[in-house]
Number of protein chains: 4
Amino acid sequence: MKTLFDANIDNSSLSIKQQSVLKASLILFAEKGYENTSTQDIAKLAGCAEGTVFKHFKTKDALLKAVLDPFVNDILPQVIVDFLKDLSGQPEEHFAVLLRYAVRDRIKYIMENRQEMRIFIQEIVKNPSMLEGLTSRLVLVIETSVNQVFSCYQARGELVDWDAMRIIRTISGVLLGYLIPNIVMSSKPLDVDETTNEIVEFLLQGLVPAEARDEAETR
Amino acid sequence: MKTLFDANIDNSSLSIKQQSVLKASLILFAEKGYENTSTQDIAKLAGCAEGTVFKHFKTKDALLKAVLDPFVNDILPQVIVDFLKDLSGQPEEHFAVLLRYAVRDRIKYIMENRQEMRIFIQEIVKNPSMLEGLTSRLVLVIETSVNQVFSCYQARGELVDWDAMRIIRTISGVLLGYLIPNIVMSSKPLDVDETTNEIVEFLLQGLVPAEARDEAETR
Amino acid sequence: MKTLFDANIDNSSLSIKQQSVLKASLILFAEKGYENTSTQDIAKLAGCAEGTVFKHFKTKDALLKAVLDPFVNDILPQVIVDFLKDLSGQPEEHFAVLLRYAVRDRIKYIMENRQEMRIFIQEIVKNPSMLEGLTSRLVLVIETSVNQVFSCYQARGELVDWDAMRIIRTISGVLLGYLIPNIVMSSKPLDVDETTNEIVEFLLQGLVPAEARDEAETR
Amino acid sequence: MKTLFDANIDNSSLSIKQQSVLKASLILFAEKGYENTSTQDIAKLAGCAEGTVFKHFKTKDALLKAVLDPFVNDILPQVIVDFLKDLSGQPEEHFAVLLRYAVRDRIKYIMENRQEMRIFIQEIVKNPSMLEGLTSRLVLVIETSVNQVFSCYQARGELVDWDAMRIIRTISGVLLGYLIPNIVMSSKPLDVDETTNEIVEFLLQGLVPAEARDEAETR
DNA sequence: GATGAATGAGGGTTCATTCAT
DNA sequence: AATGAATGAACCCTCATTCAT
């Protein structure tokens, strides 16, 4: 699987003008939405002629794909993979500690890609079928590794005894419930630490049995 | 329970054709998005001439407003008001029981207005400033009544001793985290009972102290 | 030939609503021009439904005709006829005296029909062929009577010895040169007396031999 | 002598297609009027696509401005300036001689820009406020120079002893009275020499004292 | 006679895309 | 590779006109 770093290699093969086209598209799509951004707008912000926009990216739609594809195909899956890796990398730690660390990293990550996230959300809302490919890929990634990740903590009584997918669903649900409203209201970027605290504290109430929770905090 | 069309008193003054224009707009905006819906599409689905679309709704944008305004101004605030009313209406009941009932009703309600919700989300993502008016109104509604609603349960030990606004934020966050993904992926409408169970069970873990929780379930 | 009074008889056979339609058209056509006035505007100002506008006047164009025809077919020719009648009615008077009287009356007359005049000018500018019918009629009227009208004064040395049509052309040219700019700039209606003085004084310089002029003034 | 197209320096920066758009607009606006000319008509006559019409001239209204502005801002003021210059350039000549020369030149000039003049008249009739800017500019130009221009001839007894502005008003009134009807009836362009003779002869009667007039003719 | 909802042709305008330079 | 003029389909919207009530 490609990593984030790999994902950007394609772009580095672009000329400077083309990269500025890509960046302008990112900014404008995020700001005004895909349909409300004209290729003329893009050319103007990129500082090039309108024809240049189409030299490399044959189509406006291809431009959207060029903006979103690395995010959808590489970055988002990587978020999941890294999340699970964080949770399973040091099994000697208490689940609560790892969860906090993993959640914090992911929030930071998503906040750093807010523009892509905004565009992504816009597109999904208009055309949910876009999600299908991604979802199935993610489900595959998750299902193959998630059971062994959680079972260890469940055995130690540090994690509620739910179906592993339900735990994932719960965590991602709570995360989205907090993050989407913020991403969408672009003005004020979230305070990462504060949000992490609030989310994790709440998640722990639901996911970690009371006695194990106390233990984690006294440690 | 009122639906969008009941709520908008003006609608009853519309001719049949105009109502079908409104309905067609609702369907198409939800399905393809505002910008990807042409007024010709609307006319075709409404079974009228394109000019008819503009006879009552002077502008395509006014049509969007006519679709969304009752939802934003009447239905959404009502959801909040009803939610708080459900929670405070029968204070002799255990908080857990009322929460389940209130959450279930709201989910049903939102599911019945999925199309409006989809359009609303699309518009907010493109233009977050739309939210400002709504948010400030809701905050007002909530803040004036929410403290007295929760304090009773907190005194009985049936509700965690958080700031009332944080409780609201948590509940709505979890609800949104579950509902938005479903609303957005329009194909499969959510099973209300199942979702209610999952959300409430999780919320109770976080919001109701353990001992009070047991008590509620044995009752 | 019909007189102004006859010309309006047709209109009096209209219902009150239809008359208000006619009046509204006159006002709006004069103010904004024919093409920039919608039948909806007319209906609104006339205080009736849009359909009512078409009940009597089958076409918007027919409405324009209804507004202009009495002006073009009756009023304007009458202006000429009356002008010549004024000049020939009392041949014992000096030409200068009659000219002043005739010019004054005509200016007053035209000022009282400024709106029709404005619309007429607008239409002629767009479609000069409209003039042809009128011009040929007027030429006929003028030519048949004008020679005998002027020859008497020319014999007395009170009028320059030009071809009669040139005299008419000169008078109407000067009149139009003064009046059209004023009619077109609708804000300030002309002071009839002052304008008459200026025009007549100038016309006399050109049309009446010097010695006869002195005589007229000392009389 | 400059024509409209020479006067508008910007025009040279237009592509050939855009110049043909401008020329087509000039022709059609003059022929059928602004509102009765569709942008499709313009495109067809210019031999380009409708989109091309809007590439340079963002708006149909901007196209009208592009057609009229050089006429109103450059050519018309220049007509006045040149007229006064002609009258004051060779003070050793008799006023009558200079007037004939100046009138003739101006008539020729206006006849060469008949189309612009027609459009200009149409627009003024619809929206007289357009004139205000022009009028105030012209009044300024005239007032600052006109007194010294005429006083010399008045001192020599070659020009009636009127207020300078009244002389101007008279000349322009007579000119307009002759020219507007002709411009408006586009079919038959005026014979410049004949019209000049008629107008000048008449003007001299009114503007030049009799004894000076004889002198001018015997010279 | 009056109404006003409905019509549909046509108008101005935008925009992704092409192509000669 | 880059340009920007040109394109034409599609879009939103207006308006004179009709017709059932």
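Per chain, numbering begins at 1; letters A, B, ... match sequence-line order.
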Measure the distance from [atom1] on [X] to [atom2] on [N] and round it to the nearest whole Å.
{"X": "C:L64", "N": "F:dA16", "atom1": "CG", "atom2": "C1'", "value": "14 Å"}
{"X": "A:I42", "N": "F:dG4", "atom1": "CD1", "atom2": "P", "value": "17 Å"}
{"X": "A:Q19", "N": "F:dA2", "atom1": "CD", "atom2": "P", "value": "11 Å"}
{"X": "D:D41", "N": "E:dG12", "atom1": "CG", "atom2": "P", "value": "8 Å"}
{"X": "D:I16", "N": "E:dT21", "atom1": "CD1", "atom2": "P", "value": "11 Å"}
{"X": "C:Q40", "N": "F:dA16", "atom1": "CD", "atom2": "C1'", "value": "11 Å"}
{"X": "C:N36", "N": "F:dC15", "atom1": "CG", "atom2": "P", "value": "9 Å"}
{"X": "C:H56", "N": "F:dT17", "atom1": "NE2", "atom2": "P", "value": "15 Å"}

Per [X] side chain, nearest of listed nucleotides [options]:
{"X": "B:E50", "options": "F:dA6, F:dT3, F:dC13", "value": "F:dC13"}
{"X": "A:F54", "options": "E:dT18, E:dT13, F:dT7", "value": "E:dT18"}
{"X": "C:K55", "options": "E:dA6, E:dG1, F:dT17", "value": "E:dG1"}
{"X": "D:C48", "options": "E:dT3, F:dT7, E:dG12", "value": "F:dT7"}
{"X": "D:T39", "options": "F:dA2, F:dT7, E:dG12", "value": "E:dG12"}

Trace of the side chain to side chain contact (heavy atoms under 4.5 Å, CB included) decision for A:N36 with A:D41: CA-CA 10 Å; A:N36 294 322; A:D41 291 338; over 6 Å; no
5' priority, DNA chain F, between A:G47 and C:T37 [closest heavy atom]: A:G47
5' priority, DNA chain F, between A:G51 and D:G51 [closest heavy atom]: A:G51
Residue pair C:P128 / D:R118, side-chain heavy-atom distance below 4.5 Å: yes
Residue closer to the 5' end of DNA chain E, D:K60 versus B:K17 (nearest nucleotide): B:K17
5' precedence on DNA chain E between D:E35 and A:K58 (nearest-nucleotide basis): D:E35
Lys/Arg N to Asp/Glu carboxylate O, D:K126 vs D:E35, below 4.0 Å: yes
Touch class at under 4.0 angstrom, heavy-atom based, for D:S38 against every strand present: sugar-phosphate
Lys/Arg cation over aromatic A:Y34: A:K60, 6.0 Å, 45° cone: yes
Watson-Crick or G-U wobble mate for E:dT17, both contacts under 3.5 Å: F:dA6
Pairing partner (Watson-Crick or G-U wobble, both distances under 3.5 angstrom) of F:dA1: none
Side-chain N or O of A:Q18 closer than 4.0 Å to phosphate OP1/OP2 of F:dA2: yes
Side-chain N or O of B:S15 closer than 4.0 Å to phosphate OP1/OP2 of E:dA6: yes
Passing candidate, side-chain contact (heavy atoms from CB on, under 4.5 Å) with A:I27, options A:I42, A:L22, A:T37, A:L45: A:L45
D:N127-D:S129 side chain donor-acceptor pair, cut-off 3.5 Å: yes
